[in-house]
Amino acid sequence: MSRSENRPSVVWLRNDLRLADNPALTAAASEDRPLVVVYIHDETGDGIRPLGSASKWWLHHSLAALDAALRKLGGQLTLRSGPAARVLPELVDELDAASVHWNRRYTAARDIDAELKSSLRERGLTVESHQGNVLNEPWQIRNGQGEPYRVFTPYWRSAQDRPVRELWPAPEAVEPGWPERSPASDNLTDWNLLPTRPDWAGGLRETWTPGEAGALDLLDSFVADRLADYHRRDEPAVDATSGLSPHLRFGEISPAQIWHRLRGTGASTLPTAARSNVAKFLSEIGWREFSTALLFDNPRLAEDSYRPAYNAFPWGYTVDQLGAVDEPAGVSEVEAWRRGRTGIPLVDAGMRELWHTGTMHNRVRMVVASFLIKNLLIDWRAGEQWFWDTLVDADEASNPANWQWVAGSGADAAPYFRVFNPGLQQKKFDPTGEYVARWIPELGTADYPDPIVDLAETRREALEAYSAVKAASASN
DNA sequence: GTGACATTGAA
DNA sequence: TCAATGTCA
């Protein structure tokens with residue numbers, strides 16, 4: 001074969017660390033050229049949000065799992081680091097690549113991809129982006145005026161009218177480049193994604209199996225064992241949720257795979273209760289899609305109020321006053337919240353679960369967020385940043401979208417007077433106290449702190465603060 | 001158990 | 001008219 005026919009194709013993986021149902025990988029593999037699979041660790045590109053600590057831990061193990069899976073198919077994962085806008089063209093030059101494929105992302109970093117697509121195409125390469133990580137592209141779901149939806153229910157109704165694409169099988173073999181072309185790769189451990197001194201990841205290792213195989217196992221066990229209990233998903237002591245969120249975050253499984261699998265349970269033939277479990281679970285995939293669409297249309301979702309009137313909210317503490325996540329906090333209240341020492345059992349249990357496992361039950365996330373925002377009057381961005389650093393499923397769209405939802409400043413947000421009462425929430429959703437006891441062994445002893453604020457009094461102050469927002473929106 | 005609180009987008 | 005997730009009197 002001539003050299004020109006041997007020019008390789010490149011798959012640039014980002015948040016799609018899987019072999020099955022990976023449209024970019026399938027497209028590149030079908031070109032019958034040597035295949036180079038690359039992941040670029042980019043912390044400095046425009047629009048890139050550097051990963052939090054828990055996400056870095058996950059990424060390390062996910063990349064290791066992907067490399068092992070590729071090697072079984074005869075390939076390997078190439079690791080490079082630096083701004084993708086520079087690193088990807090360098091790799092293309094080095095390999096004399098003929099084509100580049102990737103699955104789309106929807107953050108501000110998509111400007112990098114658009115630039116790369118046009119500059120590489122100008123040089124004669126085939127460059128294709130694919131739909132791998134969402135059921136629907138954000139721009140495909142629009143309301144009657146052709147505008148993005150601002151409310152979930154009509155968004156999801158409209159989205160569900162559209163067919164979900166068929167799945168792509170994993171390639172049976174991943175031909176590597178010719179030996180003399182095998183590109184150099186960084187050493188994963190040199191990226192220092194794992195914590196050392198101290199190694200705080202013990203709880204994460206006990207809780208999670210990052211990687212595609214772990215994701216598929218979890219989907220299997222969810223459908224087999226937990227889906228039937230999904231109507232109890234709001235009870236944090238009950239193992240009734242899928243646990244798929246970090247796997248979805250890193251694209252170890254696609255929403256299309258989940259959708260087809262749930263449909264494959266014969267949803268239309270199931271008894272009503274089971275059918276509503278399936279519908280409810282799929283609507284959670286819908287919230288992920290809705291958040292992705294919100295971020296697509298509002299690239300500064302983690303920085304700016306979605307509703308401008310909320311710029312008038314008189315925070316007790318702003319994120320600037322509190323400092324960055326890993327600095328010693330200057331304010332004891334936010335530090336008590338972060339460490340699970342507020343004296344409010346359900347809040348502390350959730351924050352400790354997060355610290356230990358890298359996740360927190362969804363119901364409890366709402367409660368701790370409401371407490372930070374409405375009882376401590378601390379800017380939602382401070383909570384968003386803490387979650388970004390500590391959650392293994394920290395997602396650039398879902399995390400700010402949901403924090404803004406709780407704050408009232410987001411899309412489809414609750415009326416401002418909705419302030420969660422952690423005591424009532426505990427009574428409703430952890431009536432036996434099993435969840436709080438699991439995370440607060442010293443509960444009921446002198447070692448457990450008194451509440452750092454009075455819930456009733458701070459609730460009144462929050463409602464007072466919201467009147468500033470009402471005034472601001474009335475004057476607009 | 002019920003109503004009051006009373007946002008605002010979508011149909 | 002109805003909405004994701006609520007509270008209080």
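- For the OP1/OP2 pair of dA10(B) and a distance below 4.0 Å, the side-chain nitrogens and oxygens of N143(A) include at least one atom meeting the criterion.
- Among the nucleotides dG6(C), dT8(B), dA4(C), the one closest to any side-chain atom of R418(A) is dG6(C).
- For K428(A) and dT7(C), the shortest distance from a side-chain N or O to OP1 or OP2 is below 4.0 Å.
- Between Q425(A) atom CD and dG6(C) atom C1' the separation is 7 Å, expressed in whole Å.
- In this structure, W405(A) places its CH2 atom 7 Å from P of dT5(C), rounding to the nearest Å.
- In this entry the distance linking CD of Q145(A) with P of dG9(B) reads 11 Å, nearest Å.
- The gap from the P atom of dG6(C) to that of dG9(B) amounts to 22 Å, rounded to the nearest Å.
- At the phosphate of dC8(C), OP1 or OP2 sits under 4.0 Å from a side-chain N or O atom of N421(A).
- When heavy atoms are screened at a 4.0 angstrom cut-off, L424(A) is found touching the sugar-phosphate backbone but no base atom.
- In this structure, W139(A) has its ring center closer than 6.0 angstrom to the ring center of F296(A).
- Checked against the 6.0 Å centroid threshold, H247(A) and W58(A) count as a close aromatic pair.
- For the pair R14(A) and W12(A), the distance from NZ or CZ to the six-membered ring centre is under 6.0 Å and the angle to the ring normal is within 45 degrees.
- When rounded to the nearest whole Å, the span between CH2 of W156(A) and P of dG9(B) equals 23 Å.
- Side-chain rings of W355(A) and W439(A) stay apart, their centers remaining 6.0 Å or farther from each other.
- Cation-pi geometry between R381(A) and W403(A) is not satisfied (NZ or CZ under 6.0 Å from the ring centre, within 45° of the ring normal).
- If you check every strand for non-hydrogen atoms under 4.0 Å, R233(A) touches nothing.
- At the phosphate of dG6(C), OP1 or OP2 sits under 4.0 Å from a side-chain N or O atom of R363(A).
- Within the 4.0 angstrom heavy-atom criterion, base atoms lie near E284(A).
- In this structure, the nucleotide among dG9(B), dT5(C), dA11(B) sitting nearest to the side chain of Y149(A) is dA11(B).
- In this structure dG3(B) sits in a base pair with dC8(C), meeting the Watson-Crick or G-U test at under 3.5 Å.
- Rounded to whole angstrom, the span from the OH atom of Y466(A) across to the P atom of dT7(B) amounts to 14 Å.
- Residue Y306(A) places none of its side-chain N or O atoms closer than 4.0 Å to OP1 or OP2 of dG9(B).
- A straight line from CZ of R150(A) to P of dA10(B) spans 7 Å, rounded to a whole angstrom.
- F152(A) comes within 4.0 angstrom of no nucleic acid atom, judged by non-hydrogen atoms across all strands.
- Comparing the C1' positions of dA4(C) and dG1(B) gives a spacing of 23 Å, expressed to the nearest Å.
- In this structure, CG of N375(A) is placed 15 Å from P of dG6(C), rounded to the nearest angstrom.
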